[in-house]
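One structure below.
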Amino acid sequence: MKLPASPCVLGCIIFAFVTPHALAEQPIYITPYIGYTFSNQIKDENGIKIQPGNDPHFAMAVETNVEPGRVGLFLSHQATEMKGIEGDGSFTYLHFQSSLRYEAKTKLGAFFGASLGASFVDADWSENSVLFSGGLFGGAEYRVHKNAKIVFEGRWLANFIDSHTTAICHLPAGNQTCHIIVDSKILSQVQTNIGVSFSF
């Protein structure tokens, strides 16, 4: 899977500015994830249900401490095939996020937070390539080393779009075309993630 250039470059630029300050003042946490994304349905103008495939993704969070929690960046990429029409595409999220942390036991902790940023949609069926998006997330972490934790996370991501926007698509049978419309102004995805968080 190949990340689009724009979010990668933007993420690297922000990371380059944030990291020196974070390292000077607070520890930095880098958490690579793998997971699975579940998408809600969209439909064409005739009511035919179309759904981005439920597919695996990879992600990364870079954070630092701001009591009583953390702030940082979240980057996620999912390549997906559409069900009901021809073609494929990808969703890439670049979000600023903030979370509260709770230490339940010596090795066990929990967290809950929110994120805000942009979604980069690379697909023939999408009229808009950049969408405003936000999300909520939460999970648990288990310390396996003083500088490493296993992280289990659930994340809801909402893409805000104009419900009147349409895009051209192609049906699998023949050369028929269709117009995609969205059920509402929010195209939602839910992620389940597992990762390892390293602190420096």
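Along the sequence shown, the residues carry numbers beginning at 1. Please read these numbers as outputs of a predicted model, since none were measured by experiment.
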Same apolar cluster (I L V M F W Y, side chains within < 4.5 Å links), F198/M60: yes
On a heavy-atom basis, the closest approach of L100 and P68 is CD2-CG, 3.6 Å
Would you say that W156 contacts V190 through its side chain, given a criterion of any heavy-atom pair below 4.5 Å between the two side chains? yes
With no hydrogens and no angle check, just 3.5 Å: does a side-chain donor-acceptor pair link Q191 and E153? no
Determine whether F111 and V151 make a side-chain contact, defined as any pair of heavy atoms from C-beta on separated by less than 4.5 Å. yes
Distance col, row K149:NZ vs K146:NZ, nearest 0.5 angstrom, shows 14.0 Å
Closest non-hydrogen atom pair between A61 and Y33, with its separation: CB-CE1, 4.0 Å
Distance (rounded to the nearest 0.5 Å) between H95 NE2 and L73 CG: 11.0 Å
Taking all non-hydrogen atoms of both residues, which atom of N65 and which atom of R70 are closest, and how far apart? OD1-CG, 3.6 Å
Please answer: with hydrophobic residues joined when any side-chain heavy atoms are less than 4.5 Å apart, are F74 and L136 in the same cluster? no
Check step by step if ring pair (Phe, Tyr, Trp, His ring centres under 6.0 Å) holds for F91 and H77. CA-CA 6 Å; F91 289 88; H77 178 72; 9.7 Å; no
Interatomic distance, OG@S199 vs NE2@H145, rounded to 0.5 Å, equals 9.0 Å
Rounded to the nearest 0.5 Å, what's the gap from NE2 on H57 to OG1 on T192? Could you check? 6.5 Å
Can you see whether Y93 has R155 sitting over its ring - NZ or CZ less than 6.0 Å from the centre and within 45° of the normal? no
Is the count of non-hydrogen atoms from other residues, nucleotides or ligands lying under 6.0 Å from I34 atom CD1 greater than 12? no
Whether the side chain of N54 engages the backbone of S39 through a donor-acceptor N/O pair (distance < 3.5 Å, no angle test) should be reported. yes
Would you kindly confirm whether V144 and Y29 end up in one hydrophobic cluster when ILVMFWY residues are joined by side chain heavy atoms under 4.5 Å apart? no
Can you give me the closest heavy-atom contact between Q78 and T37, atom names plus distance? OE1-CG2, 3.5 Å
Out of S119, S115, S188, which one pairs with S133 under the side-chain hydrogen bond (donor to acceptor under 3.5 Å, both in side chains) rule? S119
Are V62 and V196 linked, directly or through other ILVMFWY residues, by side chains that come within less than 4.5 angstrom of each other? yes
To the nearest 0.5 Å, what is the distance between OG (S99) and CZ (F137)? 4.5 Å
Find out if a path of hydrophobic residues (ILVMFWY) with successive side-chain heavy-atom gaps under 4.5 Å connects F160 to L116. yes
Among T31, I30, I150, which residue satisfies the side-chain contact (heavy atoms from CB on, under 4.5 Å) criterion with S197? T31
Is the number of heavy atoms from other residues, nucleotides or ligands under 6.0 Å of F38 CZ greater than 12? yes
